[in-house]
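Since this is a predicted model, take the numbers as computed values, not measurements. All chains are named by letter (A, B, ...) in the order of the sequence lines, taking the proteins before the strands, and each is independently numbered beginning at 1.
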Amino acid sequence: MRMSQLFSQTLREAAADADVASHRLLLRAGFIRQLASGIFCYLPLARRAMDRVETIIREEMAGIGGQEITMPVVHPADIWKATGRWYEIGTEMGRFQDKSNRDMVLAMTHEEVTAFLVSRLIKSYRQLPQLVYHIQTKWRDDPRPRSGLIRVREFTMKDSYSLDTDWDGLEKQYRAHYQAYFNIFERCGLDTIAVKSDVGMMGGRVAHEYMYLNSIGEDTLMLCDQCQYAANRQIATFRQPVVPQAQPAPLEKVSTPDTQTIEELTRLLGIPASATAKAVFLVARLLRDGEERDQFVLAVVRGDMELNETKLTNALQARELRPAHEDEIRAVGAEPGYGSPLRVQGAMVVVDAAVPSSPNLVAGANESGYHMLNVNCGRDYEPDLVVDLAAAQEGDGCPVCGAPLRARRGVEVGNIFQLGTKYTEALGGYFLDAAGANRPVVMGSYGIGVGRLLACIAEEYHDDQGLVWPVSVAPFDVHIVALARKPGPALQEAERLYRELTEAGLAVLLDDRGENAGVKFNDADLIGVPARLTVGDRSLKNGLVEFKLRREDERLEVPLAEVVQHVVQAVDRLRGELLARVGPVEYRA
RNA sequence: CGGGGUGUAGCGCAGUCCGGUUAGCGCACCUGCUUUGGGAGCAGGGGGUCGUCGGUUCGAAUCCGACCACCCCGACCA
């Protein structure tokens, strides 16, 4: 590609609202342009890099038996109604009506369509197992797109769907993906870790997320250095601290004016936060007997812990959870700021597992300005449910080995779900087994956000000057900077190298523009092609061309006759480095 | 959805408080000449519904109102 023809434009200054490095640089280097909030155009440089990412994905999917298909972006709402997700998912789903007022859905994911295909194609156990995938546009009307390509509303996702006769088959395909995903990310040069995760709107049993560790990440991960336990904080468990046991003491009311927070309470009474109980008031939307209804929930965790709303949502199988309003709190007989389960009526009391084993806690008196000493779960109030509700925190004991957990931020670049039969049952995806029985196909679902992956790579590989692409995903392999404005030896040699390197199978970008040397060098650094050749009269006089790797400062003068071979070898070496990263990974359930 | 912020040329900004020539600067873009190993020099030029609608006024980028868009924090979400 000649830079003079490239449909792009580098920018000296980035847009003011680009706050993360990948966004700023992809914009400045002319890879992307934003059309609307969370909606981007991918210009040729980005398209080429995405193509390479997609090629790697296709190769790895083929490696585990995947067959590529294409499923539509627009779906009739019927299939989403059949699985219930039309009703369960809120504003995140794009909905519209076609000209005959039929409800339509913009695809957020393709479990429904896959299950539809299963219902049409799979009749017998002899046709299973299967693995299909596609690389397709998704629409999720995220309440808050941000960080450039990291979090967008319209995006390209590789999603694959495994189809099996039973859970053992699913387990096999799941583990195949587990490994293939590491292969994909390593080949892209990106280090990731797999963490156990919540199943969220997908449903199902087991799920892992692939996380690129970086402080710009929006997910918090709890990691154990000792035993490699790794989980999203949304579901992370931890070892319960040992609590000194004591005889329950009598309830006692104390005056605690202007003491609405745990911190104020511990200061006033001179006690540790672990000796207090915290009441959190929420309203859960529950689905019971096909009817939606709101249930007031009083969650109790110890004062030194934090409520994990995902855990509570899952424990209640709630559709939605929101903070309660003050009038709702008063309606059950509780007092905001001085709340506790004592003498409340009409609330579902859900208690964290650490609370019943912690005697004589200080809790609110449900009366403004007063707390109660020596509150004991089971004696002073009856919980409706005792479950793990507390969020793991940095330093908490690893649930497996007890070593202190570390909290890190990460970006989710992929996920894998063991779905089961939810979708196939809903859409008639049944097969006949060897005994002639009708059984639903067991599904797994596996996603990778292609654009997000690219952004994470950009985030990991850049410096002050610009992007520094790993060769496997770089839009070009070599960038030839021709330091010549008019026809002459330099331009002639640059053109010859462009031809010969292209013939040698490399993707070559030739800067043939009439720009100054400085402009060309800076643009080359910004775009971040891994290898650079500088063809100018100065070196050419001595029969030399300058070679430089983007990631290194060192420059090398190479004799004209050896240039092509030198570049080919250098690119091969870079490719080899990335391939060497791929290897078997131990599966961690 | 709650809180905060910003909308003036492709990008970055000034002008808005205190209404008053033809709305300005840098970069980018076009033409010509010069220059050519790290964001060049000179000369000339093109490009604006000042986010939108409404109001106040002799007069609105500027004051008032509503709306819209975008960004950040939170809620939410994969």
Is the number of heavy atoms from other residues, nucleotides or ligands within 6.0 Å of CD (A/Gln492) greater than 12?
->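 It does not: A/Gln492 CD has 12 such atoms or fewer within range.
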
For A/Thr313 and A/Arg153, take the nucleotide of RNA chain B holding the closest heavy atom to each; which residue's nucleotide lies nearer the 5' end?
->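 Nearest nucleotide further toward 5': that of A/Arg153.
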
For A/Pro143 and for A/Ala14, find the nucleotide of RNA chain B with the closest heavy atom, then tell me which residue's nucleotide is more 5'.
->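 Looking at RNA chain B, the more 5' nearest nucleotide goes with A/Ala14.
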
Can you find a donor-acceptor pair, distance only, under 3.5 Å between [X] side chain and [N] base?
{"X": "A/Arg322", "N": "B/rC76", "result": "no"}
{"X": "A/Arg532", "N": "B/rG38", "result": "yes"}
{"X": "A/Asp537", "N": "B/rG37", "result": "no"}
{"X": "A/Asn516", "N": "B/rG38", "result": "no"}

For nucleotides [N] and [M], find the distance between their [atom1] atoms and express it as a whole number of Å.
{"N": "B/rG15", "M": "B/rU56", "atom1": "P", "result": "29 Å"}
{"N": "B/rG7", "M": "B/rU62", "atom1": "C1'", "result": "14 Å"}
{"N": "B/rG26", "M": "B/rG39", "atom1": "C1'", "result": "14 Å"}
{"N": "B/rC67", "M": "B/rC72", "atom1": "P", "result": "23 Å"}
{"N": "B/rG51", "M": "B/rG5", "atom1": "C1'", "result": "15 Å"}
{"N": "B/rG74", "M": "B/rA61", "atom1": "P", "result": "38 Å"}
{"N": "B/rU36", "M": "B/rU22", "atom1": "C1'", "result": "39 Å"}
{"N": "B/rC63", "M": "B/rG47", "atom1": "P", "result": "29 Å"}

Measuring from the side chain of [X] (C-beta onward, heavy atoms only), which nucleotide among [options] has the closest atom?
{"X": "A/Gln9", "options": "B/rG38, B/rA78, B/rA28", "value": "B/rA28"}
{"X": "A/Ser539", "options": "B/rG38, B/rG37, B/rG12", "value": "B/rG37"}
{"X": "A/Val519", "options": "B/rA78, B/rA40, B/rG12", "value": "B/rA40"}
{"X": "A/Asp19", "options": "B/rG38, B/rC72, B/rG39", "value": "B/rC72"}
{"X": "A/Arg12", "options": "B/rC29, B/rA28, B/rG37", "value": "B/rA28"}
{"X": "A/Arg28", "options": "B/rG37, B/rG39, B/rA75", "value": "B/rG39"}
{"X": "A/Arg146", "options": "B/rG74, B/rG39, B/rA78", "value": "B/rG74"}

Can you see if the side chain of [X] gets near the phosphate of [N] - specifically, an N or O under 4.0 Å from OP1 or OP2?
{"X": "A/Gln465", "N": "B/rG38", "value": "no"}
{"X": "A/Ser37", "N": "B/rA69", "value": "no"}
{"X": "A/Arg144", "N": "B/rC72", "value": "yes"}

For A/Ala484, which contact category applies under a 4.0 Å heavy-atom criterion: base, sugar-phosphate, or nothing?
->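 No contact at all - A/Ala484 keeps every heavy atom at 4.0 Å or more from the nucleic acid.
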
Using a cut-off of 4.0 Å on non-hydrogen atoms, how would the nucleic acid contact of A/Glu309 be classed: base, sugar-phosphate, or nothing?
->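 Sugar-phosphate, backbone atoms only, no base.
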
Only one of A/Asp512, A/Val508, A/Leu533 passes side-chain contact (heavy atoms from CB on, under 4.5 Å) with A/Tyr498; say which it is.
->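 Single pass found, and it is A/Val508.
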
A/Tyr587 and A/His208: aromatic ring centres closer than 6.0 Å?
->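 Ring centroids of A/Tyr587 and A/His208 are less than 6.0 Å from each other.
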
Ring centres under 6.0 angstrom apart (A/Tyr178, A/Phe182) |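 Ring centroids of A/Tyr178 and A/Phe182 are less than 6.0 Å from each other.
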
Can you check the A/Leu11 CG to B/rC29 P distance for me, whole Å?
->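 After rounding, the gap between these two atoms is 11 Å.
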
Mutual orientation of the aromatic rings belonging to A/Phe296 and A/Phe281 [parallel < 30°, tilted 30-60°, perpendicular > 60°] |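 Tilted, since the angle between the ring planes falls between 30° and 60°.
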
Centre of A/Trp80's six-membered ring, under 6.0 Å away, within 45 degrees of the axis: is that where NZ or CZ of A/Arg95 sits?
->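 So A/Arg95 doesn't make the cation-pi contact.
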
State the pairing partner of [N]; accept Watson-Crick or G-U wobble contacts with both distances under 3.5 Å, and report none otherwise.
{"N": "B/rU21", "answer": "none"}
{"N": "B/rG65", "answer": "B/rC53"}
{"N": "B/rA14", "answer": "none"}

With a 4.5 Å limit on heavy-atom distance, are the side chains of A/Leu43 and A/Phe31 in contact?
->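 Side chain of A/Leu43 against side chain of A/Phe31, heavy atoms only: no contact under 4.5 Å found.
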
Stacking check A/Phe417 vs B/rA78 (5.5 Å / 30 deg) |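 A/Phe417 ring does not meet the centre or angle cut-off for B/rA78; no stack.
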
